[in-house]
Structure formats: structure tokens, C-alpha cells
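To keep things clear, I will list the structure first and then write my remarks on it.
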Amino acid sequence: QVDVTAMVRLFGYVDVTDAGFLAAVLSIAFNPLFWNVVARWEHKTRALSRVFGSPHAACYCLGAVILMLNCVRSHCFTEAMKSQPKLEGLDSHWAYYSGLAILAVGTLFVISSFLALGFTGTFLGDYFGILMEAKVTHFPFSVLDNPMYWGSTAVYLGWSLM
């Protein structure tokens, strides 16, 4: 037999029937699925590059779509956090400032990754045939293998704590 008390306790803090929660889950799952499918499709067919006239224009357009989808995801996440039950222990100054610190570190990793990779390096330029001249090995890549992913995760964790 399986002890499900931990899951029952967890679902006491998460309202999985809330429309905002479902929208957040769907947007969180949809975004990477969308951009990976589109990027792989572009890599195989070069269809976007032909439609937009160049790989750079196509990459910039996909990047703009990804940024808009990220805004939708962030909005859905924020609305879901507002409507979910709150843990009493997290309603304190230490939780708020811990969340703020985690958010700040995450933001540092995201911004420094973007600056190191540039727009096309960040937004799947390699699938469009836009390659970097050399592997990026300086900060933040000297600290983490995937600083953009870890940074984004830290931003959402910090935001949740706040």
C-alpha cells in the first residue's frame, strides 16, 4: 500500500481546479514545446527563413513570438499565484526577502546569459544556421551549464516565495 498523506497535504495548498492554475500549467508546458517544434521544423525545412527572406529575420521574428509567449506565461503564473492558497509560514519578512534574493540571483543569470549569447544565440539561432564563432565559456557559463534555465527557475521560485 502507498501512503498518500503527503500528496493529500500538498493538494490542500494547491487548487488544481482553479482556471488560473490550469492556464499557468498549460502556458508553462506549451512554451518550450512550441519553440522547440518550430525551431526543429525550421532546421529541417528552412521554411521560416524563406518566408522572412533571411535566417536572421526569421530568428528575430521567432524570438519576438517567444518573448510574447513568455509575457503570457508570466501573467498566467502571477494570476495563478494570486488565487492559490497561501502557506502561513511564508507570510513573513524573511520569506519575502529570501524570495527577493533568489529572484535577484536568477535575474542576474538570465540577463548575463542573454548578454553573453546575444539575441540570436538566446533565441535558437543555431536552428536557423546562425552559429556563434566559439563556445561561450565566460560568466555565467563558467558557473553553470544552463544558466538561462536555472536563472528562469530561480526567478519563478523567488517570485513564488515573495
Side-chain angles (χ1 to χ4, degrees), residues 7 10-11 13-84 98-162:
M7 288 301 291
L10 173 67
F11 283 119
Y13 293 108
V14 179
D15 180 7
V16 295
T17 63
D18 176 51
F21 177 81
L22 295 173
V25 168
L26 288 174
S27 66
I28 289 166
F30 175 77
N31 285 7
L33 176 67
F34 169 80
W35 70 61
N36 278 294
V37 167
V38 171
R40 289 169 191 261
W41 175 68
E42 167 62 18
H43 183 68
K44 285 184 180 240
T45 66
R46 298 290 185 230
L48 290 175
S49 293
R50 283 194 306 276
V51 166
F52 287 100
S54 77
H56 281 84
C59 183
Y60 277 95
C61 287
L62 178 60
V65 170
I66 291 170
L67 286 171
M68 286 187 276
L69 286 171
N70 286 342
C71 289
V72 171
R73 177 184 62 190
S74 294
H75 172 73
C76 290
F77 180 84
T78 301
E79 293 304 310
M81 291 304 297
K82 289 179 186 176
S83 66
Q84 289 296 306
S98 297
L100 188 61
I102 293 169
L103 187 140
V105 169
T107 301
L108 172 70
F109 281 122
V110 169
I111 291 173
S112 60
S113 297
F114 179 81
L115 293 173
L117 294 173
F119 193 90
T120 57
T122 299
F123 293 107
L124 305 166
D126 52 336
Y127 287 91
F128 292 84
I130 305 166
L131 303 176
M132 311 238 359
E133 292 193 19
K135 182 177 179 177
V136 178
T137 57
H138 56 80
F139 185 83
F141 294 92
S142 60
V143 177
L144 294 170
D145 283 335
N146 299 295
M148 185 75 73
Y149 294 130
W150 285 109
S152 295
T153 302
V155 165
Y156 284 103
L157 174 61
W159 203 344
S160 299
L161 289 173
M162 291 172 62

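None of these values were measured; they are calculated from a predicted model.
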Grab the two heavy atoms, one from Thr17 and one from Leu22, that are nearest each other, plus how far apart they are.
O-CD1, 4.3 Å

To the closest 0.5 Å, what do you measure between CZ (Phe21) and CG (Asp15)?
8.5 Å

Assess whether side chain to side chain contact (heavy atoms under 4.5 Å, CB included) is satisfied between Phe109 and Thr153, documenting all intermediate values.
CA-CA 10 Å; Phe109 281 122; Thr153 302; over 6 Å; no

Parallel, tilted or perpendicular: rings of Tyr60 and Phe119 (30°, 60°):
parallel

Working note: Leu48 + Cys61, criterion side chain to side chain contact (heavy atoms under 4.5 Å, CB included); need CA distance, chi angles, decisive distance, verdict.
CA-CA 9 Å; Leu48 290 175; Cys61 287; over 6 Å; no

Just checking, is any N or O donor in the side chain of Tyr156 or Ser74 under 3.5 Å from an acceptor N or O on the other one?
yes

Those residues that, when tested against Ile102, pass side chain to side chain contact (heavy atoms under 4.5 Å, CB included) (two or more places apart):
Ala154, Leu157, Leu161

Can you name the salt bridge (Lys or Arg N to Asp or Glu O under 4.0 Å) partners of Lys135, sequence neighbours left out?
none

On a heavy-atom basis, the closest approach of Gln84 and Asp18 is NE2-OD2, 3.5 Å

Hey, could you give me the CG/CG distance between Leu69 and Leu62, rounded to the nearest 0.5 Å?
9.0 Å

Using 0.5 Å steps for rounding, measure from the OG atom of Ser112 to the CG atom of Leu144.
9.0 Å

Atom pair CG/CE of Leu103 and Met162 - distance to nearest 0.5 Å
6.0 Å

Just wondering, more than 12 heavy atoms not from Trp150 lying within 6.0 Å of its CH2?
no

